[in-house]
Asker: 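Quick one: this structure, given as structure tokens, is what I'll be asking you about.
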Amino acid sequence: MNARHGDLWCPRRAPAVLMRHDRTRGKDVLLMPERVVVLEGSARSIIELCDGTRTVTRIADELRERFPAAPVDTEVSTFIERLHREGWIR
């Protein structure tokens, strides 16, 4: 994990990105101008922790405590990097 995505960067949702529960779909979604992204699995848990106060390392630590059997070490930083590439978090 590089420095940007470890102990220094505190990711947060981009201002135009809202997270809501879509009752019609029965799923959590990210709402953006002209786009809706349906969240699967633990995506909501990860995105909720991207609040600008926690580093990626701290997010992974909290998720590891909540979900001890989950592959946190291999998936969280990859997912956060994807969110960043898409412009959904900063």
Asker: When you look at Thr57 and Asp7, which way does the side-chain hydrogen bond (donor to acceptor under 3.5 Å, both in side chains) test go after all the steps?
Answerer: CA-CA 6 Å; Thr57 301; Asp7 291 326; 3.0 Å; yes
Asker: Taking Asp61 first and then Arg64, would you say they form a salt bridge - that is, a charged N and a carboxylate O separated by under 4.0 Å?
Answerer: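 Yes, charged N to carboxylate O under 4.0 Å.
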Asker: In Å and rounded to the nearest 0.5 Å, what is the OG to CH2 distance from Ser77 to Trp9?
Answerer: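 Taking OG in Ser77 and CH2 in Trp9, the distance rounds to 10.5 Å.
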Asker: Applying a strict under-4.5 Å side-chain criterion to I, L, V, M, F, W and Y, I'd like to know whether Ile89 and Val38 cluster together.
Answerer: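 As far as the 4.5 Å side-chain criterion goes, Val38 and Ile89 are not connected within one cluster.
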Asker: Take Cys50 and Arg13 through the side-chain contact (heavy atoms from CB on, under 4.5 Å) test and state the conclusion after the steps.
Answerer: CA-CA 6 Å; Cys50 292; Arg13 276 195 316 271; 5.5 Å; no
Asker: Looking at every heavy atom in both Cys10 and Gly52, which two are closest together, and how far apart are they?
Answerer: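 Closest heavy-atom pair between Cys10 and Gly52: CB-O, 3.4 Å.
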Asker: I need the minimum non-hydrogen distance between Ile47 and Phe79, along with the two atoms involved.
Answerer: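 That would be CG1-CE2, 4.2 Å.
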Asker: Which distance, rounded to the nearest 0.5 Å, do you find between the CD of Glu48 and the CD1 of Ile59?
Answerer: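 Going from CD on Glu48 over to CD1 on Ile59, the span is 11.5 Å.
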Asker: Let's go through Leu49 and Arg66 carefully: what are the C-alpha distance in whole Å and the side-chain angles of both, what is the deciding distance for side-chain contact (heavy atoms from CB on, under 4.5 Å) to 0.1 Å, and is it a yes or a no?
Answerer: CA-CA 12 Å; Leu49 294 174; Arg66 290 186 200 178; 3.5 Å; yes
Asker: Just how far is it from atom CE of Met32 to atom CH2 of Trp88, taken to the nearest 0.5 Å?
Answerer: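 Separation between the atoms: 5.0 Å.
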Asker: Side chain to side chain contact (heavy atoms under 4.5 Å, CB included) with Leu31: which residues, sequence neighbours excluded?
Answerer: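 Here the qualifying residues are Leu18, Arg20, Val29, Val36.
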Asker: Compare every heavy atom of Asp28 with every heavy atom of His21, then report the nearest pair and how far apart it is.
Answerer: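 The pair with the smallest heavy-atom distance is ND1-OD1, 3.0 Å.
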Asker: If every non-hydrogen atom of Arg90 is compared with every non-hydrogen atom of Ala14, which pair is closest and at what distance?
Answerer: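 Between these two residues, the closest heavy atoms are NE-CB, 4.0 Å.
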Asker: Roughly how far apart are Leu63 CG and Arg54 CZ, rounded to 0.5 Å?
Answerer: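 Taking CG in Leu63 and CZ in Arg54, the distance rounds to 9.0 Å.
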Asker: Quick check: closest heavy atoms across Val56 and Ile80, and the distance to 0.1 Å?
Answerer: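 Residues Val56 and Ile80, closest heavy atoms: CG1-CD1, 4.0 Å.
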Asker: How close do Asp22 and Thr24 get, counting heavy atoms only, and between which atoms?
Answerer: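 What the structure gives for the nearest pair is OD1-N, 2.8 Å.
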Asker: Determine whether Arg35 and Glu86 satisfy the following criterion, salt bridge (Lys or Arg N to Asp or Glu O under 4.0 Å), listing intermediate values before the conclusion.
Answerer: CA-CA 12 Å; Arg35 188 166 187 188; Glu86 294 287 342; 3.7 Å; yes
Asker: Can you name the residues that form a side chain to side chain contact (heavy atoms under 4.5 Å, CB included) with Glu65, not counting sequence neighbours?
Answerer: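 Glu65 satisfies side chain to side chain contact (heavy atoms under 4.5 Å, CB included) with no other residue.
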Asker: Taking Arg58's backbone N and O only, do any of them form a donor-acceptor pair with Thr55's side chain (distance below 3.5 Å, no angle check)?
Answerer: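 Flag set: sc Thr55 to bb Arg58 pair under 3.5 Å.
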Asker: Assess whether a salt bridge exists between Arg82 and Glu75, defined as any Lys/Arg side-chain N lying under 4.0 Å from an Asp/Glu carboxylate O.
Answerer: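 Judged by the 4.0 Å cut-off on N to carboxylate O distance, Arg82 and Glu75 do not form a salt bridge.
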